[in-house]
Every structure is written in C-alpha cells, then in structure tokens.
Amino acid sequence: TGKHGHAKCVFTAIDIFTGKKKESMSPSTHTIEAPNVKRVQYTLTMIEGTTATLMDANMEEKADLDFDEGSDLLKQANELLEEDGDCLVDVITSMGKEKIMAVKKQVGL
C-alpha cells in the first residue's frame with residue numbers, strides 16, 4: 001500500500017525501440033494507457049548506405065527507415081539481397097516511431 005493506504009501497481013517493461021528497462025508506479029484504481037504496437041512485413045528491395053527501400057503488399061514503396069549503422073540486421077540484409085535480390089523485413093510501429101526489427105529470407109513465391 002502507498003502513503004495513504006491505497007494499493008499501488010508497479011509496471012516494468014522493456015522499450016521495444018531502445019531495449020531500455022522502464023518502470024512506472026500507479027494507484028491500482030487508476031486507468032493506465034498502453035501503447036498500440038503494430039508489426040508489418042515488407043519486402044526489402046534495396047539498401048543505400050543504411051536506408052532501406054521497402055515495398056508493401058500493395059506494391060507501394062517506402063524509403064524512410066534506416067538500419068542501425070554496423071548492425072547485424074544490416075549485414076544480414078545485405079547478404080540476403082546479394083543472394084536473392086530481395087528479402088523480408090519486420091517493421092514495428094508504435095507511438096509514432098518505426099523500426100526494422102527482423103530480416104529473413106523470402107520463401108515460396
């Protein structure tokens with residue numbers, strides 16, 4: 001219980017974009033907001049520097065996401081592009097931010 005006898009809830013989470021641990025405390029009677037997280041899969045067609053050129057299921061191009069420089073994801077994506085010409089990437093979107101979270105080989109076309 002808190003200072004005034006009310007039960008408290010402690011929330012611990014890992015930031016999906018930075019990996020940092022976050023903690024929040026709130027009275028158990030209060031409403032807590034939770035972010036909406038959306039995962040979308042795109043076809044990666046090209047990488048220029050660290051900027052990814054992506055294509056969605058409607059064949060619309062998107063070129064506003066970057067890989068972290070020197071990251072394993074960037075290396076893996078470059079290898080798959082050299083082998084097959086394209087690959088799939090998973091992009092997480094939440095709270096106005098987007099980040100490429102996974103790269104995988106495209107199969108079964």
Side-chain angles (χ1 to χ4, degrees):
T1 60
K3 181 177 176 182
H4 300 288
H6 298 282
K8 303 281 185 196
C9 295
V10 177
F11 298 94
T12 304
I14 305 293
D15 187 309
I16 59 175
F17 298 109
T18 65
K20 291 182 181 176
K21 188 176 182 178
K22 308 272 182 158
E23 197 169 289
S24 176
M25 185 182 298
S26 177
S28 63
T29 56
H30 288 197
T31 303
I32 299 294
E33 292 185 17
N36 292 321
V37 179
K38 183 176 161 188
R39 180 184 296 262
V40 181
Q41 198 167 69
Y42 292 95
T43 300
L44 175 65
T45 57
M46 184 175 79
I47 300 173
E48 192 170 313
T50 59
T51 303
T53 301
L54 309 173
M55 191 175 301
D56 66 11
N58 298 325
M59 305 302 277
E60 292 187 29
E61 214 169 74
K62 175 181 180 64
D64 61 351
L65 285 175
D66 290 321
F67 286 96
D68 293 332
E69 196 165 331
S71 72
D72 290 339
L73 283 178
L74 177 59
K75 292 173 189 169
Q76 185 182 358
N78 277 319
E79 288 171 6
L80 288 172
L81 284 178
E82 285 179 22
E83 286 177 25
D84 300 329
D86 63 8
C87 61
L88 297 175
V89 295
D90 288 339
V91 176
I92 295 276
T93 305
S94 183
M95 299 174 3
K97 295 181 184 179
E98 290 183 304
K99 186 173 181 181
I100 297 171
M101 300 300 284
V103 177
K104 49 191 153 190
K105 189 172 186 165
Q106 190 162 342
V107 291
L109 289 178

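Bear in mind the structure is a predicted one, so any value in this text is a computation, not a measurement. Below, all heavy atoms of this structure are taken into account, side chains as well, without hydrogens, waters or symmetry copies.
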Task: Heavy-atom neighbours of E69 CD exceed 12 at 6.0 Å - done: no
Task: Sub-4.5 Å side-chain heavy-atom contact between Q106 and D84 - done: no
- [ ] Would you kindly confirm whether I16 and V91 end up in one hydrophobic cluster when ILVMFWY residues are joined by side chain heavy atoms under 4.5 Å apart?
- [x] no
TODO: Say whether F11 and I14 are linked into one hydrophobic cluster, either directly or through other cluster members, by side-chain heavy-atom distances under 4.5 angstrom.
DONE: no
TODO: Enter the distance from T18:OG1 to K99:NZ here, rounded to the nearest 0.5 Å.
DONE: 7.5 Å
Open item on the list: Same cluster or not: L54 versus I47, using hydrophobic residues (I, L, V, M, F, W, Y) connected whenever any side-chain heavy atoms lie under 4.5 Å apart?
Closed with: yes
TODO: Work out which heavy atom in T51 is nearest to a heavy atom in A63; give both atom names and the distance.
DONE: CG2-O, 3.7 Å
- [ ] Give the C-alpha distance, both sets of side-chain angles, the deciding distance and a yes or no for side-chain contact (heavy atoms from CB on, under 4.5 Å) between L44 and F67.
- [x] CA-CA 12 Å; L44 175 65; F67 286 96; 4.1 Å; yes
Task: D66: salt bridge (Lys or Arg N to Asp or Glu O under 4.0 Å) partners, not counting sequence neighbours - done: none
Task: Heavy atoms of other groups near N36 CG, more than 12 under 6.0 Å - done: no
- [ ] Verify side-chain contact (heavy atoms from CB on, under 4.5 Å) between E83 and L80, making sure each step is shown before the conclusion.
- [x] CA-CA 5 Å; E83 286 177 25; L80 288 172; 4.2 Å; yes
- [ ] Kindly check if the number of other-residue, nucleotide or ligand heavy atoms within 6.0 Å of NZ (K62) is above 12?
- [x] yes
- [ ] Using atom types as modelled and distance alone, determine if a side-chain donor or acceptor of S28 lies under 3.5 Å from a backbone N or O of C9.
- [x] no
Open item on the list: Just so I know, are the side chains of L88 and V103 near enough to count as touching, which here means a heavy-atom distance under 4.5 Å?
Closed with: no
Task: Pairing residues for M59 by the side chain to side chain contact (heavy atoms under 4.5 Å, CB included) criterion, not counting sequence neighbours - done: M55
Task: Closest non-hydrogen atom pair, V10 against M25 - done: CG2-CE, 3.9 Å
TODO: Would you check if K8 and P27 make a side-chain contact, meaning some heavy-atom pair closer than 4.5 Å?
DONE: yes
TODO: Quick one: pull up CD in E33 and OG in S24 and give me the separation to the nearest 0.5 Å.
DONE: 11.0 Å
Open item on the list: Would you compute the distance between atom NZ of K22 and atom NZ of K20 and round it to the nearest 0.5 angstrom?
Closed with: 6.5 Å
Open item on the list: Taking S71's backbone N and O only, do any of them form a donor-acceptor pair with D68's side chain (distance below 3.5 Å, no angle check)?
Closed with: no
Task: Between OG1 on residue T50 and CD1 on residue I100, distance to nearest 0.5 Å - done: 9.0 Å
- [ ] Side-chain contact test, heavy atoms from C-beta onward, threshold under 4.5 Å: evaluate it for Q41 versus K104 and give yes or no.
- [x] yes
Open item on the list: When you measure from the side chain of D56 to the backbone of N58, do you find a donor-acceptor pair of N or O atoms at a distance under 3.5 Å?
Closed with: yes
TODO: Mind listing the closest non-hydrogen atom pair of A102 and L73 along with its distance?
DONE: CA-CD2, 3.9 Å
- [ ] State yes or no: do I92 and V89 share one hydrophobic cluster built from I, L, V, M, F, W and Y residues joined by side-chain heavy-atom distances below 4.5 Å, directly or via other members?
- [x] no
Open item on the list: Looking at every non-hydrogen atom in both residues, tell me the closest pair between A77 and C87 and how far apart they are.
Closed with: O-SG, 4.4 Å
Task: Verify same cluster id: M46, Y42 (apolar side-chain graph, 4.5 Å) - done: no
